[in-house]
Amino acid sequence: MSDIDDFRKQTRAWLEANCPESMRTPMPSDEMVWGGQNLEFKHDDQRLWFERMRDKGWFCPDWPEAYGGGGLNAQQVAVLESEMRRLHCRPPQINLGIWMLGPVLLESASDAQKERFLPPMARGEVRWCQGFSEPNAGSDLASLRTSAVLDGDDYIVNGTKIWTSYGNKSDWMYALVRTGPMEPKQAGISLILLDMHAPGVSVSPIDLISGKSSFCQVFFDNVRVPKDQLIGEVNQGWALGKALLQHERRAMSKFSEFALPTHFDLHTYLESFLSEPTTSADQALHQRAIACLMDEEAYSLTNRRIGDTMRVRQDASGLMAISKLVHSEQERDKFELLLEILGNKALGWSGDGFLERELELTGSWLMSFAQTIAGGSSEVQLNVIAKRVLGLPDAK
Amino acid sequence: MSDIDDFRKQTRAWLEANCPESMRTPMPSDEMVWGGQNLEFKHDDQRLWFERMRDKGWFCPDWPEAYGGGGLNAQQVAVLESEMRRLHCRPPQINLGIWMLGPVLLESASDAQKERFLPPMARGEVRWCQGFSEPNAGSDLASLRTSAVLDGDDYIVNGTKIWTSYGNKSDWMYALVRTGPMEPKQAGISLILLDMHAPGVSVSPIDLISGKSSFCQVFFDNVRVPKDQLIGEVNQGWALGKALLQHERRAMSKFSEFALPTHFDLHTYLESFLSEPTTSADQALHQRAIACLMDEEAYSLTNRRIGDTMRVRQDASGLMAISKLVHSEQERDKFELLLEILGNKALGWSGDGFLERELELTGSWLMSFAQTIAGGSSEVQLNVIAKRVLGLPDAK
Amino acid sequence: MNLVYNEDQQQLLDSARDFLAAKSPVSVQRRLRDEASSSGFCPQVWQGMRDLGWSAVAFEEKVGGLEFGFAGYAPIFEQMGRHLAASPLLSSIVLCGGLVELMGSEEQQQQLLPALIAGELRAALALEESERHQPDLIKTRARMEQGGWLLDGRKEWVADGNEADAWLVVAAVDANELGVFLVHAGAKGLSLEPRTMIDARNMAAMTLQGAKAERIGGCAAEALDLVLDRGRACLAAELLGVSEALFDMTVEYLKTRVQFGVPIGSFQALQHRAARLYVELQLARSSTMAAFSALENQAIEVNERRRLVSLAKWKANICAQRISNEAVQMHGGIGVTDEYDLGLFLKRTRLAQNQLGHTDFHCARYACNLSTKNA
Amino acid sequence: MNLVYNEDQQQLLDSARDFLAAKSPVSVQRRLRDEASSSGFCPQVWQGMRDLGWSAVAFEEKVGGLEFGFAGYAPIFEQMGRHLAASPLLSSIVLCGGLVELMGSEEQQQQLLPALIAGELRAALALEESERHQPDLIKTRARMEQGGWLLDGRKEWVADGNEADAWLVVAAVDANELGVFLVHAGAKGLSLEPRTMIDARNMAAMTLQGAKAERIGGCAAEALDLVLDRGRACLAAELLGVSEALFDMTVEYLKTRVQFGVPIGSFQALQHRAARLYVELQLARSSTMAAFSALENQAIEVNERRRLVSLAKWKANICAQRISNEAVQMHGGIGVTDEYDLGLFLKRTRLAQNQLGHTDFHCARYACNLSTKNA
């Protein structure tokens, strides 16, 4: 038996012994465990699973053991992931720090920084949020204006960040700030880590068209950030930020893989609400829903193809480039259709007369508009496909 | 009774007395009369109608009588047109010279040029074609390269024009040629008139995906064009060309108004081929066809609205700017649907087993692809709407 | 058929715009929402509308109307859409007033119409029994008892049904006949449950258990069909106004929002998308104008009226859905914040799209009424 | 399920590409058209395909097959699409060969399959009786007379039907049972009329008047369903290849065609449209790969196979239609000239789209086979 087969066998046995039964069920969004200073568990199985995985170092199985990781090689990580998938194991925690910031620190931070930040991250003790977008720097991220001016051993940070997920619940933020002049834009940007509890940081959740949201605006009013919390070289943060966004994309796809299949399965709704279309109007609606389902299946097959492609070590970058675009637009289109299928039932805001899942659907529909904008708008995705995948020339 | 009411009464009486009954029926495309040196009539009513309208000066009712026009004012022209429409009178001839070149000559030609070119045009004695596009100057018309170099009293013309409708059947061409340097592009262009029978002019009809076509490529090999056939100032032809294109657009809409409602009435086909859709596939097809019909009606109402808007002297330029785009795309979409409705019956090329109208449909479908490109591609139309109608800024 | 506003309509448009801009900016609608208004409209604005004669526009003089003609509602509803103004104009005047005018006895007309016009009596139409518009699916029954009518059934979606003074309830008299019945507030056996919708307007569910009612006229099918067509045309005009407001906001944003050092409206991909929205808007306007023309034309074939009205609602629905989605997308992040007004318009579109017939309903109805088109 | 080509498939793909590029460039197809070839394919190319084993790929060794598995046809048909190569591979091998393999007696298999594989016998499937694919609508009747079968009826659209050596005719044995019948060239009561289609391939109408036939196997419904699904998957792969060829031509054109001093591919509106075509192409490829996987999987539920095959043909149809239209539009004038190859690809798409099920057909079929998806 080869080493890797051996590893698979051991891993499978360990998971079967250690992953509680209740942690092998689909995870509703309100049962996510977020690592951080204020750990919350809904029940003991969650804690058990969290602690066992933490103690194995398997929150970040590919990190060196020295920083609290699992020390696994790529092949072993793949085995671990496939075994977890086989058992339908939930992720023991959700942690943007591990998925996005961690890999960048491993590559680019100083040894002292690694020793300071990685081990607590690997133990799930810190909840991280991301400070990239600003009100005037949306798709054009490099035009950001939040400034960090050196004053002795500290940077003094002033400005604002927007669209920070869970800014109000996070312990630390990794942020892109302007340490250099405005022009050329990318050249004056640095990546810093800052404590969300530092004086001068304030956070306001943003109300969306769908209601309360996890997005926040974060304000910095003369926030002092020790200069050893700047990662890499001064004014060289743009490349780190781009690397982070790459990890974000990968994390997002992992996230969607783990998440519960959406509550809003069009097929189920179709069976409940339009199973036997009689009027020709209903038939038309039914047909459009079928086409929507077909496109969903074509997308989910494409996601499988990404996996198959990587497995045989072929280039899957083109497929990965379309993933977010297709998924977010399909979701929005699906909700639009659900709205038509459910009519007024899907147009309620609150109160009696609506089932909880109806109100949830309405909220999810409204939220779906944000998904084609956040995390790289559809327009940005199309630009990327056109230029990087198809090699079409830049304007002018 | 006001003058204009009086004019209406007289015009109506004259049309009723002089327009033969057979000229008040929809005009199949093979019964169009084209003015020119080789006049052809299929029957006497055509000739009668042609000669009577010619003698009234009503081929070009708004031109001065001195140049063979009808000398009518704008209000009278509108009355004439509405009375012709009321009686469903066919246009007595089709003549690009009158519709496009004529107005430009009236505005910008010398008196000598007007006297030479307008009266024969007004009598329908000359068939004109247009020489604008070139193989390397499609949407970017100003990059044209056909050169006209002065040599004594003549310009020597060399180069080629493409997409010239009926280049092989025309007597004269109005063409944009380069008389000045390449840069800046628009500044070196002149408008000239040239005799298609002059030595050095050769014409090849272009085969399209739909088969034989009326489009031609015209080659100029040291063609001598007397310099008094240049209209306006040397190197100032770009503005004249733009004016011509404006008239072309207006002529096109007039043309489509006169023309027989397309043979391919989707509604009729739907009744013949899908009147009682039974399978759910057929129902879906039926629904899509209905949506297509609805969009067609919305377009035809929009065309009526253009008329209503102009009648009350409001700005209809925005509506006119969308007309070609919408119509050409709707036609193509309609043919695509007809293809699906008729299946293999609409995919025949020739020979037995197909009805003539089926083969004609196939040809018209293939030709519809040219319509979204010729005469200002859809992309050019969208640019015009975005910039001129919506006032969106230029790039850079 | 006239597809542009005549001078009278243009004057109505101008006065509606001025009035709504001054008295009913979007902030009024936002406040109604934030305060969870149970009526969903502002009584002062509604009073102002009546003062301007909007409730009297189409009625005959003898009942206090202005005899302006129904086409007056095109500019009015267009402007209500543009300013996102809520009012009972559709429910109380166009729908209920219209039914009384078409079906009521002389006495009922004299008794009800002046009160409706004056706003002393606010009525709502209780028609729908399912979540999508199905005017033929009426299970509510009317029965005669001791010479009076009693109603039993349930109406799920009564627009402006909360706090109305009266309702016109559509109920089946027998298997083949529909009737319209007047039920007054406080009637025994009548109960209402408010529904909070995303557009924060007035919607209620209604239960009728032997509720006492007065019948308006006789067989309702024909009049109901016409009055619903009027309502559909008004909704098309409102959707057109909403769409134009969204479109204008978007074009303005494209011109002013700078990214990568240039206004985003200079990006060709966005330019072409904006141009296509403009096309949709124009097709929707032409169709809506034609629907109002058809409703003004006494001599028109019923099928042609139906066809043109369904075309208008269909196209206005599609246009509003497409423009609202594109408006949000082109605005980016700010478009999905509650602070920005765009979302309020978006939410209104979906209610108005669904009301009196969603897109597929009108596509199917168009098909059914197509045969006379070329006749 | 494996959604990328394995090494064997990749080898087939490479060899197919090399062979077709060398022996069957688009000019061959153009010449066949210009010469009005009655067979619609080039015999030398067809010989070359057989020499490469393409006609033997999926059959068992005992009848001369290679036992490679049906998934071998994915790369082959993809490349045939890319190079616009015509051949009787679909009609004679996949469809007719498949039916004989699934339904034929031992003797029929031994007699027919080696001959089909060797190209000594070229067969075509006579199925369709209406202009759109309706495999259940069979009016052609088979009757028994003196111990032999006779066929009566009319088949309108027999692909590769001209000059075939034999045909497999689908005919009704009684009201509930379909059968497959072998008819040889020259049979009495059989007549064929060629049809010249826009793709210049081989199509014929067939009249049967008491034509003598040999029955292949028994009740055909199940085998026919499977074999048609194989054919649909092959057409999806061909359409995918055609679409990729059109897409590549278009992207190349966008990079090289200069207007206004820049390559037109730098215009953002065209970039975004090209990006969306790329998306369609990828979704179509994933679906097509899944269909072939399903056809290789012996253990699969029938409903799931049907669903995945219909998904593939549906998506490939849509993708081909959209890409061909956009390819013409983005090429501008040159795209509509006969001289340029693009039109030949465009014309092929529509035939292949319609063959064995147009878009709506497969959408409806997907819906019918959906129930097991989540089971």
Side-chain angles (χ1 to χ4, degrees), chain B residues 133 135-143 162-163 185 206-213 215 273 279-288 332-333 336 339-354 362-363 365-367 369-374 377-379 382-383 386 395, chain D residues 33 36 128 130-134 136-137 156-157 193-200 203-205 257-261 264 267-270 321 324-325 328-340 342-344 346-347 350-351 353-355 357-365 367-368:
Chain B
S133 291
N136 284 300
S139 295
D140 181 15
L141 183 56
S143 68
I162 200 168
W163 305 119
K185 296 193 299 184
I206 300 171
D207 281 352
L208 295 187
I209 52 175
S210 46
K212 301 278 169 227
S213 86
F215 292 113
F273 289 90
T279 68
S280 72
D282 284 355
Q283 269 155 347
L285 200 46
H286 191 264
Q287 285 279 350
R288 289 199 286 136
R332 186 196 55 203
D333 295 347
E336 295 275 321
L339 243 62
E340 295 198 59
I341 292 170
L342 270 73
N344 281 324
K345 286 188 180 173
L347 299 174
W349 183 253
S350 66
D352 295 337
F354 297 102
T362 312
W365 162 63
L366 286 164
M367 195 62 202
F369 287 100
Q371 305 301 344
T372 55
I373 295 167
S377 68
S378 293
E379 289 71 24
L382 289 166
N383 285 341
Chain D
R33 182 197 70 170
E128 308 289 357
S130 66
E131 58 273 22
R132 278 171 285 138
H133 181 54
Q134 291 195 68
D136 300 329
L137 187 89
E156 283 294 340
W157 309 100
E193 303 152 44
R195 294 278 180 264
T196 308
M197 310 302 286
I198 55 171
D199 69 350
M203 183 76 88
R257 167 78 168 171
V258 171
Q259 293 271 272
F260 304 104
I264 60 174
F267 295 130
Q268 197 197 33
L270 297 185
Q321 178 156 4
S324 56
N325 289 2
V328 174
Q329 184 68 27
M330 292 199 203
H331 272 82
I334 197 173
V336 294
T337 59
D338 182 64
E339 195 185 350
Y340 202 69
L342 213 150
L344 300 178
L346 165 71
K347 289 169 180 170
R350 295 306 189 273
L351 266 297
Q353 280 173 239
N354 192 50
Q355 197 177 352
H358 62 106
T359 309
D360 292 311
F361 174 90
H362 285 292
C363 184
R365 188 166 181 262
C368 291

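Order of the sequence lines sets the chain letters (A, B, ...), proteins ahead of strands, with each chain counted from 1.
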Visitor: For chain B, which candidate among D:E193, D:K347, D:E156 shows the most heavy-atom pairs at distances under 4.5 Å?
Guide: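 The answer is D:K347.
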
Visitor: Non-hydrogen atoms of chain D under 4.5 Å away: do they reach the side chain of B:I162, the backbone, both or neither?
Guide: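 Neither; nothing under 4.5 Å.
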
Visitor: Relative to chain D, which segment of B:L285 carries a heavy atom at a distance below 4.5 Å: side chain, backbone, both, or neither?
Guide: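 Both parts, heavy atoms under 4.5 Å.
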
Visitor: Name the option with the most non-hydrogen atom pairs under 4.5 Å to chain D; the candidates are B:L382, B:T279, B:D207.
Guide: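 Heavy-atom pair counts peak at B:D207.
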
Visitor: Looking at chain B, which one of D:Q353, D:M197, D:H358, D:R365 has the largest number of heavy-atom pairs inside 4.5 Å, strictly under?
Guide: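 With the most close heavy-atom pairs to chain B, the winner is D:M197.
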
Visitor: Only pairs of heavy atoms separated by less than 4.5 Å count here; which of D:L342, D:N354, D:T359 has the most with chain B?
Guide: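 The candidate making the most pairs under 4.5 Å is D:N354.
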
Visitor: Could you tell me which of B:S139, B:S377, B:A142 has the largest number of non-hydrogen atom pairs under 4.5 Å with chain D?
Guide: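 Looking at each of B:S139, B:S377, B:A142 in turn, B:S139 comes out on top.
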
Visitor: Does any part of the side chain of B:I206, heavy atoms only, come nearer than 4.5 Å to the side chain of B:W163, both counted from C-beta?
Guide: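 Of all side-chain heavy-atom pairs linking B:I206 with B:W163, at least one is under 4.5 Å.
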
Visitor: What part of B:S213 is in contact with chain D, defined as an atom under 4.5 angstrom from a non-hydrogen atom: side chain, backbone, both or neither?
Guide: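 Contact with chain D involves no heavy atom of B:S213 at all.
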
Visitor: Should B:K345 and B:F273 count as side-chain neighbours, where that means a heavy-atom distance under 4.5 Å?
Guide: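 Yes, close enough: below the 4.5 Å cut-off.
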
Visitor: Pick whichever of B:S350, B:A284, B:G351, B:S280 has the most heavy-atom pairs under 4.5 Å with chain D.
Guide: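 Heavy-atom pairs under 4.5 Å are most numerous for B:S350.
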
Visitor: Which bit of D:L270 is near chain B, if near means a heavy-atom gap under 4.5 Å: side chain, backbone, both or neither?
Guide: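 For D:L270, the side chain is the part near chain B, not the backbone.
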
Visitor: Using side-chain heavy atoms (C-beta onward) and a distance below 4.5 Å, is B:D282 in contact with D:R132?
Guide: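 A side-chain contact exists here, since the closest heavy-atom pair is under 4.5 Å.
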
Visitor: Please rank B:T362, B:L141, B:I341 by heavy-atom pairs under 4.5 Å with chain D and give me the top one.
Guide: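 The answer is B:I341.
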
Visitor: Quick check: do B:N344 and D:L351 have side-chain heavy atoms less than 4.5 Å from each other?
Guide: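 Yes. Closest side-chain heavy atoms under 4.5 Å.
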
Visitor: What orientation do D:F260 and D:F267 show, parallel under 30°, tilted 30 to 60°, or perpendicular over 60°?
Guide: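 It falls in the perpendicular class, over 60°.
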
Visitor: Answer whether the closest heavy-atom distance between the side chains of B:W365 and D:I198 falls below 4.5 Å.
Guide: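 Contact flag for B:W365/D:I198 side chains = yes.
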
Visitor: Looking at D:D360 and B:R288, is any side-chain nitrogen of the basic one under 4.0 Å from a carboxylate oxygen of the acidic one?
Guide: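 Looking at D:D360 together with B:R288, the answer is yes, because their closest N to O distance falls below 4.0 Å.
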
Visitor: Among D:G333, D:A364, D:G343, single out the residue with the greatest number of heavy-atom pairs under 4.5 Å to chain B.
Guide: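 Winner by heavy-atom pair count: D:G333.
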
Visitor: Is the closest side-chain heavy-atom distance between B:E336 and D:N325 below 4.5 Å?
Guide: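 Answer yes - side chains close enough.
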
Visitor: Between D:E128 and D:H133, is any pair of side-chain heavy atoms under 4.5 Å apart?
Guide: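 Yes, close enough: below the 4.5 Å cut-off.
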
Visitor: Does any backbone or side-chain atom of D:Q268 lie under 4.5 Å from a heavy atom of chain B? Answer side chain, backbone, both or neither.
Guide: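 Neither the backbone nor the side chain of D:Q268 comes within 4.5 Å of chain B.
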
Visitor: Heavy-atom cut-off 4.5 Å, strictly under: side chain, backbone, both or neither for D:D199 against chain B?
Guide: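 It is neither, since no heavy atom gets under 4.5 Å.
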
Visitor: Side chain, backbone, both or neither: which part of B:T372 has an atom under 4.5 Å from a heavy atom of chain D?
Guide: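 B:T372 touches chain D through backbone and side-chain heavy atoms alike.
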
Visitor: Are the side chains of B:F369 and D:Q329 in touch, meaning some heavy atoms are under 4.5 Å apart?
Guide: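 No; the side chains remain at least 4.5 Å from each other.
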
Visitor: Using non-hydrogen atoms only, which part of D:M330 is less than 4.5 Å away from chain B: side chain, backbone, both, or neither?
Guide: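 Neither part.
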
Visitor: Please check this pair: side chain of D:Q259 against backbone of D:I264, looking for a donor-acceptor N/O pair closer than 3.5 Å.
Guide: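 A pair under 3.5 Å: no.
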
Visitor: Looking at B:G211, B:A346, B:S143, B:G138, which makes the most heavy-atom pairs under 4.5 Å with chain D?
Guide: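 Of the options given, most contacts go to B:G138.
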
